Amino acid sequence: MAIVLGPNRYGKAETRVVHVTRDGEVHHLKDCNVSVSLSGEMEQVHRSGDNAAVLPTDSQKNTVYAFAKKHGIGEIEEFALLLARHFVDSQPTIHHARVAVEEYGWERRGPHSFARSGTEVRTCVVHHDRDGSSAVVSGLRDLVVLNSTGSEFHGFVQDEYTTLAPATDRVLATAVTARWRHAPYAGRTGSGGERDYGRSYAEARECLLDAFAGTHSLSLQQTLFAMGERVLLARPEICEVRLELPNKHHFLVDLAPFGMDNDNEVYFAADRPYGLIEGAVLRDGAPPAGPAWD
Ligand SMILES: O=c1[nH]c(=O)c2[nH]c(=O)[nH]c2[nH]1
């Protein structure tokens with residue numbers, strides 16, 4: 001019986017790098033978490049422990065810090081592309097690089113003072129392959145939103161275990177995880193700066209927020225589709241949006257034991273279990289995703 005090595009990758013996960021740009025008194029902050037995964041000629045290291053093809057994960061971590069110094073950290077997609085291309089182009093044994101970056105936001109409180117903003121995190125994952133192709137997915141997670149009306153849920157299946165009452169006016173809340181795939185583009189430059197990733201991100205985020213707030217919702221599934229659709233209608237560079245929307249249930253508290261009614265005013269915000277609504281929304285004829293979602 002032949003035993004073969006299946007898909008594998010390795011790298012340094014979660015290198016935390018903070019870069020300060022000093023513009024006299026005024027400083028600018030980039031706070032990131034970088035995860036590198038490399039793959040290629042790794043048969044021997046797995047079979048015999050021969051490390052000749054292995055760029056140490058320690059070196060990968062050092063590269064993240066050195067690149068932050070050398071190039072600064074602009075848009076996270078560009079920083080990720082720079083790293084991914086470097087690993088593939090400089091190491092003959094590395095055929096594919098995946099670089100994921102999370103960015104934590106800081107709100108300015110003074111020329112060199114900052115407060116961490118909210119829970120929301122900007123994300124990206126890039127893939128770069130030996131053949132020169134790159135795939136870029138941008139996104140965000142933990143963007144918490146709530147509509148205190150404009151949400152209904154009724155007309156659902158009733159089986160012998162259904163107890164849920166139909167709702168014609170409920171709270172709809174979720175912590176949005178959204179990722180969107182950029183359509184591939186021709187040409188490349190060394191910097192990876194072919195696209196305005198900052199603007200693309202800001203506008204996609206606005207679309208998500210506008211669609212959540214502006215959709216009279218009959219289900220979170222309907223809201224999910226509206227959010228993805230809004231991004232695709234507004235942003236031609238994006239060809240697919242994937243959303244994960246936990247339904248952060250708000251249950252009306254029964255105040256009858258205290259002789260009080262509850263006209264949609266007092267809620268118990270449950271943290272678990274929660275409904276989890278997930279889906280992809282694509283432009284018709286979107287190009288194949290390749291490894292983009294891996
Ligand atoms: O928007 C919703 N979608 C569901 O599928 C569902 N299921 C449920 O119990 N509540 C809800 N709400």
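Because the structure is a prediction, the values reported are computed rather than measured. Note that ligands are numbered from 1 as they come in the structure, with each ligand's atoms numbered from 1 the same way.
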Starting from the N and O atoms of ligand 1, find every protein N or O within less than 3.5 Å and list the pair with its distance.
from: ligand 1; atom 1: 1 (O); to: Arg170; atom 2: NH2; distance (Å): 2.8
from: ligand 1; atom 1: 1 (O); to: Leu220; atom 2: N; distance (Å): 2.7
from: ligand 1; atom 1: 3 (N); to: Gln221; atom 2: OE1; distance (Å): 2.9
from: ligand 1; atom 1: 5 (O); to: Gln221; atom 2: NE2; distance (Å): 2.9
from: ligand 1; atom 1: 12 (N); to: Arg170; atom 2: NH1; distance (Å): 3.1
from: ligand 1; atom 1: 12 (N); to: Asn247; atom 2: ND2; distance (Å): 3.4

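In this structure, the ring-ring contact (aromatic ring centres under 6.0 Å, His included) partners of His96, at least two apart in sequence or on a different chain, are His127. For Leu233, the side-chain contact (heavy atoms from CB on, under 4.5 Å) partners are Glu229, not counting sequence neighbours. In this structure, the side-chain contact (heavy atoms from CB on, under 4.5 Å) partners of Phe268, at least two apart in sequence or on a different chain, are Phe251, Val253, Ala270.
The pair Glu240-Arg283 does not meet the salt-bridge criterion, since no charged nitrogen lies less than 4.0 angstrom from a carboxylate oxygen. Contact check on Arg122 versus Glu77 returns a salt bridge, with a Lys/Arg side-chain nitrogen under 4.0 Å from an Asp/Glu carboxylate oxygen.
In this structure, Tyr197 has its ring center closer than 6.0 angstrom to the ring center of His182.
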